[in-house]
Structures are given as structure tokens and as C-alpha cells.
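Letters A, B, ... mirror the listed sequences (proteins, then strands); counts begin at 1. In this text the structure is predicted, and so the values were computed from the model without any measurement.
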2 protein chains.
Amino acid sequence: MRKITDRQKQVLDYISDFIDEHAYAPSIRDIQNHFGLKSTKGVKDHIDRLVEKGYLNRAEGTARALEVIGNGRKASRKIPLVGTVAAGLPLLAEENIEDYIPVTADMARTEGMFFLRVNGDSMINAAILDGDLVLVRPQPFVEQGEIAVVRIGDEATVKRFFRFNTRVELLSENPDYKPIVYYDDDEDIRIVGKVTAVYRTLE
Amino acid sequence: MRKITDRQKQVLDYISDFIDEHAYAPSIRDIQNHFGLKSTKGVKDHIDRLVEKGYLNRAEGTARALEVIGNGRKASRKIPLVGTVAAGLPLLAEENIEDYIPVTADMARTEGMFFLRVNGDSMINAAILDGDLVLVRPQPFVEQGEIAVVRIGDEATVKRFFRFNTRVELLSENPDYKPIVYYDDDEDIRIVGKVTAVYRTLE
DNA sequence: GATATATGTAAACATATGTATAGGTAGGAG
DNA sequence: CTCCTACCTATACATATGTTTACATATATC
């Protein structure tokens with residue numbers, strides 16, 4: 001990234017902080033006042049440089065349309081957390097959404113991703129504990145042995161997924177639990193998606 | 001929360017999506033055009049209602065100063081990820097910052113929090129794996145047995161922390177590792193902070 | 001020394017944008 | 001029926017805001 005001057009960095013930092021605080025960008029005159037300048041031109045010069053050097057995005061002819069690039073301001077997406085869905089899908093009905101959790105945009109490239117709260121300790125040996133949140137990417141198939149969210153009847157569970165010809169095995173990562181075996185005849189089993197991340201809060 | 005009409009919800013959703021996409025709020029005329037309206041007044045009415053009902057914040061006399069409240073648009077903070085800091089602190093020097101990771105604001109109320117990449121499998125029985133990211137809240141003490149980041153000499157490690165009189169024990173959650181014991185005479189050990197969350201990405 | 005860049009003042013200008021006034025239609029609540 | 005609210009058109013106004021022209025000073029670079 002091209003170098004910027006101290007003054008330019010001051011301006012960039014101010015814009016960043018302002019956006020963090022207000023959820024919208026400062027106007028040129030906001031910046032002017034903050035630095036005690038007596039003309040808008042100086043500010044515009046700084047912004048022009050910052051845009052040229054790739055530190056800012058600006059939509060022309062638009063008020064407060066500054067966007068800080070990089071430097072910790074990468075886009076983040078809010079993913080819905082559907083509660084402990086014991087009582088079946090559809091998951092994403094608004095009533096089921098407990099909360100929204102931000103993740104970096106590159107973790108959520110796919111549409112329709114969601115967080116699910118894990119219920120029980122059946123995946124304890126895969127380092128997934130009761131109460132952990134798993135990020136799920138919806139997809140109809142997974143690779144052999146990957147951790148998947150599977151819908152069985154009206155329940156959603158997290159298991160390692162294996163397929164042998166017509167037989168499907170769902171393995172827990174806990175010796176106390178036995179494998180769950182299904183055959184293709186059984187219609188009431190379907191892969192919901194693949195677990196792509198695990199979030200846990202302590203205390 | 002007070003009820004809103006279908007139309008009001010459409011407007012609110014559009015504003016939300018617009019902000020997600022552009023990082024700044026739509027103007028009244030942006031909204032007007034999107035819904036194909038022929039006057040700005042209708043839009044202003046909707047926004048007025050949404051502000052009254054607590055779904056929007058608005059800074060008066062200011063362009064594009066809409067902020068969506070609640071409903072999945074909770075504030076998020078970006079926390080720096082300092083790499084695998086084998087070679088000691090200071091952690092937050094800019095050169096060490098690998099990335100920034102968003103978390104919900106209520107997870108990061110304290111200043112100075114950071115993510116640390118865990119090195120090794122010594123905490124495997126606490127469901128923390130090699131490569132996991134732990135969110136650390138800086139604090140000089142932790143409760144008995146809590147998982148802490150501890151600086152020993154120039155290295156930072158994640159361990160369960162116990163104190164018995166003048167003796168400090170750092171326990172791994174892995175039978176292959178022996179407890180690390182220190183005495184108060186040893187000056188080169190210090191609690192960096194407490195582990196408050198664990199983030200893992202699969203695949 | 002000449003040239004370029006960073007930084008700034010001063011004064012306008014053009015327009016993007018929020019706001020207001022006047023009014024209309026439809027549907028529900030009392 | 002009457003009143004209120006939701007929702008919309010049409011037009012105008014005030015100002016917040018981005019942009020431009022002209023000029024000045026200091027510092028670094030060649």
C-alpha cells in the first residue's frame with residue numbers, strides 16, 4: 001500500500017473513528033471543523049489523495065459517501081443465529097432468529113448461511129461443546145466424514161457424515177453415543193449444510 | 001417493540017440492505033426511486049414513523065444520517081488478530097496485526113481486547129485446538145482455574161491458571177503435558193488476560 | 001535554483017438532500 | 001358516519017454538502 005503522510009493518516013483515522021461512532025461518514029465540513037481548518041479545500045485535497053492511494057472509497061456527487069478500505073475495516077456480514085432448533089425447520093423464519101452475529105465477509109460468501117446453537121455433548125471429541133454456535137453453509141452434500149447439520153424428521157443434529165452405497169451413517173464424536181444408521185429408503189433424512197466454523201463464548 | 005406495517009418493513013429492510021452494501025445510508029430520493037414513488041413526502045412519512053417507533057436513528061439536518069437500530073444491526077467491533085506470538089509482546093504493535101475480526105459489541109466492552117492464534121494442542125481437552133483463535137480480555141488476575149493467556153519470559157501461552165499461596169500452576173488440558181509450576185520469586189511470569197471466546201474455522 | 005508536493009486560506013458555485021405546504025384516496029375504529 | 005392513520009402526488013423551499021478557481025507558504029527533490 002502506498003505511503004501516506006502523517007496528516008493524511010490523521011484525517012483517515014478521524015474518518016474511521018467517526019464512522020465507528022456515528023454509523024455514517026463525516027462531511028467535509030465536519031472534518032474541517034475537527035481539525036480547525038478555515039477552508040474546505042484542504043480537506044478535499046486530503047481526501048483526494050487518500051482515494052488515489054486506495055485508502056478510501058468515495059461515491060461521487062453523493063453526501064457522506066466515504067468508505068474506509070482495509071486497515072481493519074473489511075466488510076463484515078451479520079449472520080442470523082437460529083435458536084436451538086429442536087422443533088424442526090424452516091430455520092430462517094423470523095420468529096426463530098435469536099440474534100445476529102458478525103463474521104468476516106470471506107467466511108460468508110454463500111447466501112443463506114446461519115448459526116445454530118449446538119445441543120448436547122455428542123461432538124465433544126471434535127471440540128464442539130454444548131452451547132457452542134456452529135456456522136452452517138447450506139449444501140445438499142458433504143465430503144465423507146465432514147461435520148454436517150442433518151435434519152432427521154423434525155430435528156436438526158450435528159454429526160460426522162458418512163455414506164456407504166445405500167447406507168448413511170451419522171457418527172458422534174463421543175464414545176457414549178452410537179452411530180445413527182439410515183438407508184436410502186428412509187425419506188426423512190436430509191443434509192442441511194456443512195459446519196464451517198465454531199464460535200464459543202466462555203464465562 | 002411497536003408494530004410496523006408491511007410497507008414500513010419494506011422501507012426498513014431496504015435501508016438496512018443499502019447500508020450493508022454501500023457502508024452509507026440511502027438518501028430519501030434513493031428510497032423514493034427504489035420504490036418507484038413520485039414524491040419524497042411518502043418516504044419521509046415512513047421514516048418519521050420508523051424513527052417514532054424506535055427502528056431508526058436520525059441525525060437532523062444531516063445527509064444520509066440514518067442508522068438502523070436493533071433487528072440484527074447491532075453494533076459490531078473489529079478486534080485485531082495478533083499472529084502466533086511466539087516472540088513475545090508487545091502484541092498490539094501494528095506490525096503484529098494479521099487481521100481484524102468482527103464480534104458483537106457486547107463481547108468486546110473492554111478496551112484493548114485482541115485475538116490470539118493458539119499454537120499446539122495443549123488445551124485439546126478444553127476443546128481448544130491448534131490454530132483456534134481465542135479472544136483475550138486484558139486483565140492482571142483471573143479466577144482459580146480459568147483459562148488465561150500467560151506471558152512467560154518472551155512467550156505467550158494459553159493455560160488454566162491456579163494460584164496456591166506463593167505457588168502458581170499452569171495446567172494444560174492434555175495428559176501429555178505436565179503442569180508448569182512457578183513461584184513468586186520468578187519475576188518473568190505475568191497474566192496477560194482471560195480467554196473469553198474461542199473461534200475456529202473448519203475446512 | 002527550479003520543480004513538485006503537501007498543506008493551507010478565501011470566496012463562490014452547483015447540486016444533493018432534508019423539509020414543508022397543500023392536497024388526495026383508502027381502510028379501519030369508534 | 002366521522003375520525004384517524006397509512007400511504008401517496010405535486011410543488012416548492014432552505015440548506016447541507018461536494019466542487020472549483022485563485023492564491024500562498026513551507027518542505028523536499030532533482
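Atom CD1 of B:Ile47 is separated from atom P of D:dC8 by 13 Å (rounded to the nearest Å). Going from atom CD of A:Glu52 over to atom P of C:dA4 covers 16 Å, rounded to whole Å. The separation between B:Tyr24 atom OH and C:dT17 atom C1' is 14 Å, rounded to whole Å. The distance between atom CG of B:Asp6 and atom P of D:dA6, rounded to the nearest whole Å, is 13 Å. In this entry the distance linking CG of B:Leu50 with P of D:dA6 reads 11 Å, nearest Å. For A:Phe35 and C:dT9, the CZ to C1' distance is 17 Å, given to the nearest whole Å. Rounded to an integer number of Å, the gap from CG of A:Asn33 to P of C:dT9 is 12 Å. With rounding to whole Å, B:His34 atom NE2 is found 13 Å from D:dC8 atom P.
Dashed line: the shortest gap from a side-chain N or O of B:Gln32 to OP1 or OP2 of D:dT9 is not under 4.0 Å. Considering only side-chain N and O atoms, A:His46 lies under 4.0 angstrom from the phosphate OP1 or OP2 of C:dT7.
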> For B:Arg160 and B:Met123, what are the C-alpha separation, side-chain angles and deciding distance, and is it a side-chain contact (heavy atoms from CB on, under 4.5 Å)?
Replying inline: CA-CA 9 Å; B:Arg160 280 204 192 277; B:Met123 296 303 283; 4.2 Å; yes
> side-chain contact (heavy atoms from CB on, under 4.5 Å) between A:Thr62 and B:Arg64: does it pass, once the steps are laid out?
Replying inline: CA-CA 9 Å; A:Thr62 314; B:Arg64 296 175 185 271; 2.9 Å; yes
>> Between B:Phe161 and B:Leu170, is the side-chain contact (heavy atoms from CB on, under 4.5 Å) condition met? List the steps.
In response: CA-CA 5 Å; B:Phe161 185 93; B:Leu170 304 180; 3.6 Å; yes
>> One pair to check against side-chain contact (heavy atoms from CB on, under 4.5 Å): A:Phe115 and A:Leu135. What are the steps and the verdict?
In response: CA-CA 4 Å; A:Phe115 273 99; A:Leu135 179 60; 3.7 Å; yes
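Distance from the side chain of A:Thr5 is smallest to C:dA6 among D:dA6, C:dG8, C:dA6.
Aromatic ring pairs are classed by plane angle as parallel below 30°, tilted from 30° to 60° and perpendicular above 60°; the pair B:Tyr14 and B:His34 is parallel.
A donor-acceptor contact under 3.5 angstrom links the side chains of A:Ser27 and A:Asp30, judged on distance only. Side-chain contact check for B:Gln10 and B:Arg7: at least one donor-acceptor pair (N or O, by modelled atom type) lies under 3.5 Å.
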> When every nucleotide of nucleotides 11-30 of chain D is labelled 5' to 3' by its protein contacts under 4.0 Å (heavy atoms), B for base, S for sugar-phosphate only, - for none, what sequence of letters results?
Replying inline: -----SBBBBB---------
